[in-house]
Structures are given as structure tokens and as C-alpha cells.
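These notes concern the structure reproduced below.
Everything numeric in this text was worked out from a predicted model, so none of it was measured. To find a chain, count down the sequence lines: A is the first, B the second, and so on, and within it residues start at 1.
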Amino acid sequence: MALLKKNKKNESATNEFDQVIVGTSLTKEAWKRLQKNKLAVVGGIIVIIYALVAICADLLPLYPYDQAITSHRNLRPSLTKTAGELMLEQEMKNLFFQAWRGGRLEVPDEEDALIEQWVRESKTNKVWDLLYERGMAALEDGSFTWSSSEQRRIDNVLEDIETETLITIDSVSADLGDGMKRIDDMSYDELVSLYAGLLGTDVATVESSLYNEVSATVSNELRANDSTLSGEDLTASIEMEMDAMGRDGFENRASQNLVAYIEQLAQRGASSDVNALISSGDAVLPYKGVFDLSSGLHVELEVSRMHDRHYYCGTDYLGRDLLSRIIYGSQISIAIGIVGTVTSIFIGILVGALAGYLGGKVDYYLMRFVDIMYGLPYMLLVIICMAIFGRNIVNLFFALALVSWLTIARMVRGQIMSLKNQEYVEAARSMGAGTMHIIFRHMIPNSLSVIIVYSTIRIPAFIMQESFLSFLGLGVQAPYASWGSLIGDAVSSMSLYPYKLLIPSIVMVVFLFSMNFLGDGLRDAFDPQSKNQL
Amino acid sequence: MTKYIIKRLIGMIPTLFIIVTLSFFIVRIAPGGPFDGERALPEAVKRNIEAKYHMDEPLLMQYGRYMFDVIRGDLGPSYKYKDYDVNTLIAGSLPNSIVLGSMAMAVALVFGISLGVLAAVKQNTLLDYIPMCLAAFGLSIPLFVFAPLLQQVFAMTLGWFPTTGWFMSSDAPLRTALLPTVALSFAYYADIARLTRSSMVETLRSDYIRTARAKGMKNSTIIWKHAMKGAMLPVVSYLGPAFAGILTGSIVVEQVFLVPGLGKFFVQSSFNRDYTLIVGVVIVYSVILIVMNFIVDIVYAYLDPRISYK
């Protein structure tokens, strides 16, 4: 062992003063250069933060991104006020406005004129804010009091805030003869027998109604994809789909429905107990409790005041928490960006490597094909595909990945062509290595740094394209969100609710900024020569 | 040169052919047709309508018929806008899109090139940092964020410009046109400025510029006459993709600023499955794009004497 080490030392290079020269690899050198680039480092840190938040979204204390609370629609973002206080504020703003219209709330003349002008220009927010300020002051000094009907409306809101609760089911379990078991872990048969027992009917009835439900869902899905289907065609296709689904597929879908039904039953069953607890004052909200229902279900649930929520980024038009929508939207946007880039790089490497290595006719035809694809207005074709083949994440991803491999193919081809005549490739060939082996074992790894750098630059472009489609309503569909769809939803109401546009925009732009700086920095670090290219 | 142009012109035909064929078949193999509204039509009525538009024929025959019409310059009747044919619809909206697009392109070119050159000449001064910061911003902010933000800030909050509308039919044309043009051109300004700066910096370091300086030429002559020609090459080759981007970008701008252009038809017709209109719009867009690419290539060949017109 010692001998080996000594040998190694002897082999290492020395300079004219007999000092050992420590060689640095290209990667190390690049890493050093990257660290010197402050902007790129900051960009990298921000990208890592985004990635961490997006990955850990499920662990963060967020409200569910698809939970819509009707009374929380369009609440403005607030760091201090709860949803209830904002609801009250909104109600009062409306009432103050009506009072001002009716002449009961008096403001100075010049403000009257100003408000009139704002109303004409539909600057609703300014009108509300000013009247709220004046109205609260008037209430304070007693020059304005609520009429009885107004007082009643305010009291209603106050009562709602005080009493309305939100029950979240954490888990439901039941005893099926062999101890408590959570319904999530139950098999289809167990679920059916449990549900039948709860409803007091027999298993066959439950199964037949489940079959009907699943086939109704299938029929809806079919018609969503192809609105021409009707009558016999539809029946035939439903049967075909159900056959294709098989027993396992059916049980899977049916189990999902059953779990939802049993949870509903459990919630309904527990709600009277919960209400009793709350009204007796034994439970302090938010309350976490375990209930054993008379039906034999064992429920763990959480009760919280519905209107005690804090919406730090406001809510959308359905009353969903914008903060959690943005974070889950980041998850989708970033995931599409990364997965799409990786896919397009795979296709690009394959085509580029084949064209570059094989050369000749293969190269000619592959590259002519790439040229023609370059000439296509491909974003338009993607839009058509999305509009026509259905708008879901998978289609979106394929449509984008299929058109974005062109540049990488050209790049890899160039790399491969320049590597083709290197000695080590010749050596490999002379030892009898196959084409595929040479390409994927020797050449691709050697051009990988260029590819990786390029892909960092591609990710923001990919995210922008995805968001562009989502903005047009052709990308990610509700209840899911992406940056683009959040911005697209907000555009129509931006004068009334500017925060809905601003917050997702800022989140998105900061990410793209950091990603671009990181990409530029990586490119400069790995390939200082290329600094002058875009 | 003439031979080169003719060769390029002939080369455009297969690309166009592929585009027409591809879009024709994509819209038709997809499920759903233009006459499937909310309300199902009676079978007989539907068959009659389909017969009227030759949709009962085999697909290949429809394709042949359509190709024949397209070659004659007839893009067919629209399926959704009754009594209109695609030619009329496109003729009505295309000019607006073209005006908007070319204004945006002009703004991007003028500001991108001049500020890029300025930044290259005054390297590492404030005159370099400010335009380049702006460009970095333009690179990262997507159009569909930038356009609504512009509208929100300058039209709604400050009230300096009208929020929506089209300048050709408004009484304050310049003010109406400004926001959509700026929105559309910003991203391309960013790219052009960055490209111009980097290639200008490189060109200014080259030997022939040093020779010109040694001869005692005026700085402005060196920059605008000698360096410019070489430095513009990457910018010119970027213009092809830029035109494509402005075409798709105008869809967003037209939607946000309610400009009556072609983009609106495009998105709507894809939703409506208005086959002829979709393919028609794609053909028009592609022709514009291909012609632009062609012009770019010619200009490139003219600027770079190393390229031989084979």
C-alpha cells in the first residue's frame, strides 16, 4: 500500500523548483469562478430556497390550496387581521358606501367631488378606503350611526365570525373485527362492508350504486374529451372503458369515493358532538379531538374557527388561500420546468449524437428536419395541440418537450463532431467499442458540462412557456395552479384586486431573475470564452 | 445573389407545405368538431351542415380540396362566424397585428441597438449599467406579467394613458399605441441590447478597428461605419426568432390591451375548433415568419462577405 502511494507521488508533476504541482480540474476551476460571481451566487441561493419551499410545501403549515370558503372570497392580504376582521371591514365598506350614496354619511364637499370622480373612473378601492376612514371617524364622534337594518347585517357577520367552525378530518378508523384500522388502509371489500353497515343496507346495493357512479364519471370524462359522443356510441365507449379499467381499476376509483363518503358521514356524525362541546365551553378553539361515534367510527379531527384564518397573501375569487396556491403553483411550475428540460435534453442528445457521430445521410436528413422544425411557428402548434387535445399537465408537458429539443440537438451535434476525431475516440474504436458505447460512454460525458450549462438557461424559458400557455387558459387547470394561471386569473380583476396580480408576478419574476443570473454565471464559469454570446 | 435568392424562395415551399399539412391534420384527428356546441344538433341537420362544408368526404379528399383552395389563395369559409370567410376575417384583423408588431420591432431595434452600442462604448460606466440592468429585467419578466403591470401602473393608477383600445380608431393615437408597443418590444429590446453590447465589445477589440484608430479616424466614424457592420451580424441572425416571438407575444398584448388583432381569433378559433380559421391563421403567421426569416438571411448574407451565395 505504501509503495503504491509513493509511486503515485513520483508520477505527479513537479515544476523547475521540484515543487509538486497540484492540478485543478475544470470543474474545480469553474466552481471557483462561479463563487467569484456574486450575482450568480445570490441567484443560486434564491433558487435553492424556492426549490426547498416547493419540495417541502406539504410540510408547511398551509391551508389546503383547493379549499374554497365562500365567505372568504377576494379578501385582501393582511399580516395582522384575521379573515373575520377583513370580512367585517368589507361589509362596513359596502355599508358606508351605500350610506354615502343615500346622503347619510357626510364628507367634505371637495371629497364628495373626488369620490364622484373615482366612481366614474371605477377606482373602487380608493372610494372604499376613503369612505371607510371617514365613516369610522364619524362613528367614533357619534355623527353617524348605523340604521337598524345595517346594524343587523353587521351583527350577522359578527355572529358568523363568532360561531362558524371548520372541521378538518385527520383520520377515520373503524373496527372490522380485527382491531381499529384507518379507512385509508382498508381494502375495497372492507370499505364496502363498512359503508353498507353504516348505511344499514346490504353490500350488493352499495356495489351497484358505486358501479353507476364510476361509470357516470367515466362518461363525463369521455364527453369532456369528445363532445360528439352520444347515444349508443357513448354507451359502447363507457363499457369499453370500464372493461379496460378492469376490476382493480374499478376498485381503486370506488375506494376513493367510499373514503370520501365515509369521511362525510364521520364529519356529519361528529359535528353535533363538536357543537355540543363548543357551546358548553369545554373546548377551546382550535381544538384537536378524538370522537367515538355511535356508528362505531373512530374520528380524529381538528376544529378551528373558520374566520380566525390569516391570509398573508389574500384569497382568490373562490375564497382559496393565495399563499398556498402560489407555493403549490411554484411546485408545478418548477417541476414542469425541470422535467420538461430534462426530457428535451434527452431527445436532443439522442438526435444530436446520432447525427454528429454517424454523419453522412443520417446527419443530413436529421438536420434538415431540425431546420424545418425551426421554421415552424411552434408555439402556435403547441397552442392548437393544447386547445384541441385537452388541457392537462401531461399534454402540456409533452407539447412543450416535443418542440424544445431542437437547439440542444444542434449543440450536441457540434460537440460530437468536434470530439469525433479525438485520439481517445479512435483508441476506443480500435479496441472494438461499438457506436453506442463510444457515443454514450465517451463522447456524451465529455460534452456534459456544456449541456448542463445550457439546461440551466433553458429552465426559465420552459417555465415562461408553460406559464404563457397557462395564462391563455390552455395550461394547468383548476384546482391546480401555476404561476401563469394565477396571473391569468388575476388580470381580469386587477383594478379591483391588484394584489392577486402583483404577488404571483413578483414571486415568478424573482425566480426567473435568479435562474437567469445563475445560468449566466454557470456559463461564464464553465466556458469563459462564451461570455460574448447571448 | 439572384440565384441564392431564388434557391431560398424555392426552399420556402416545403416548409409551408409541411405547416399546412401538419395543422390541417392536427385539428382534424383531434376529437370534437366545430358543430358540437352545448346543444346537440339533430342528426339530419348536422349531416346537412357537414355536407355543406364537405366534411362528410374522406379526410384525404378534404385535404386535397383544401390544398387546392389554399394554392388559389382561398382559405375557405369560417365554421363559427357564419357568413364570413377566413380571408375576410384575417384581412380585417391582420393589419392591426402587423402595425403593432412592426412598431414593437422598430422600437426594440432602435433602442436595443443604440443603447447596446452606448453601453459597449462607455463600458463600466453608468451608461453601461443602466441599459444593461433594464435588459436583465426585460429578460426575466414575462410579457404576460409586464403587459398587465404596465396597464395597471401607467393607465389605471397614474392615468397617463388609456387602458385599452386600438390607436387606429382612437382620438389620441400616440398615447393609445404607446403601452402595447412598449410591452411587446421590451423583451426583444433586452435581447438585442445584450447582443449588440457583447458583439460590439468584441468587434472594438479586433485588429481592423485598431488599424482604423491608428490611422487617426474619428471615433464616431469607427463605431458607426466600421464596427457597426461586423457587430450587427449576431443581431441580424437573432431577428428571425425575434419575429416569431413577437408574433406569439402579440396574442398576449392583444388580449390585455384589447387590440382587435389576429391573436384573438387564433386562441378563440382553437377553442371553437373552427378548423379553417385555425389553419388559416397558422398559414398567415407562418408566411410572415418565413418571409421574415428569408429577409433576415438575405441581409445577413449582404452584411457578411464570408457567406457565399451558393
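Using a 4.5 Å heavy-atom cutoff, the side chains of B/P142 and A/V509 are in contact. The side-chain heavy atoms of A/F517 and A/N37, taken from C-beta on, include no pair separated by under 4.5 Å. Here the side chains of A/Y317 and A/S493 are not in contact, with every heavy-atom distance at 4.5 Å or above. In this structure, the side chains of B/L150 and B/F186 stay at 4.5 Å or more apart for every pair of heavy atoms. Two residues are said to be in side-chain contact when any heavy atoms from C-beta on lie closer than 4.5 Å; B/L115 and B/Y189 meet this criterion. Counting only heavy atoms from C-beta outward, the side chains of A/I383 and B/I251 approach each other to under 4.5 Å. Between B/L204 and B/Q123 the shortest side-chain heavy-atom distance does not fall below 4.5 Å. Using a 4.5 Å heavy-atom threshold, the side chains of A/N125 and A/Y497 count as separate.
The CD atom of A/Q465 sits 5.5 Å away from atom CG of A/L400, with the distance rounded to the nearest 0.5 Å. Atom OH of B/Y285 sits about 15.0 Å away from atom CD1 of B/I290, to the nearest 0.5 Å.
Neither the backbone nor the side chain of B/F146 comes within contact range of chain A, judged by heavy atoms closer than 4.5 Å. Only the side chain of A/M508 comes within contact range of chain B, with heavy atoms under 4.5 Å apart. Heavy atoms of B/I141 lying under 4.5 Å from chain A belong to its backbone as well as its side chain. Using a 4.5 Å cut-off between heavy atoms, B/F144 contacts chain A through both its backbone and its side chain. Contact annotation for B/L22: only side-chain heavy atoms (C-beta onward) come within less than 4.5 Å of a heavy atom of chain A. At a 4.5 Å heavy-atom cutoff, A/S514 makes no contact with chain B through either its backbone or its side chain. No part of B/V281 comes within reach of chain A, as not one of its non-hydrogen atoms sits under 4.5 angstrom from that chain.
Of all heavy-atom pairs spanning B/A120 and B/V201, the tightest one is CB-CG2, 3.8 Å. B/E254 and B/G263 get closest at one heavy-atom pair: OE1-N, 2.7 Å.
Among B/L289, B/N293, B/V287, the single residue meeting the side chain to side chain contact (heavy atoms under 4.5 Å, CB included) criterion with B/V291 is B/V287.
Among the residues in residues 481-490 of chain A, those with a non-hydrogen atom closer than 4.5 angstrom to a non-hydrogen atom of chain B are A/G484, A/I487. Close approach to chain B, defined as a heavy atom under 4.5 Å from one of its heavy atoms, is seen in A/L501, A/L502, A/S505 of residues 499-507 of chain A, taken by number.
Heavy-atom pairs under 4.5 Å with chain B were tallied for A/I463, A/L472, A/V491; the largest tally goes to A/L472. Contact count versus chain A (heavy atoms, under 4.5 Å) is highest, among B/P148, B/P14, B/A147, B/G249, for B/P148.
Centroid-to-centroid, the aromatic rings of A/Y365 and A/F369 stay 6.0 Å apart or farther.
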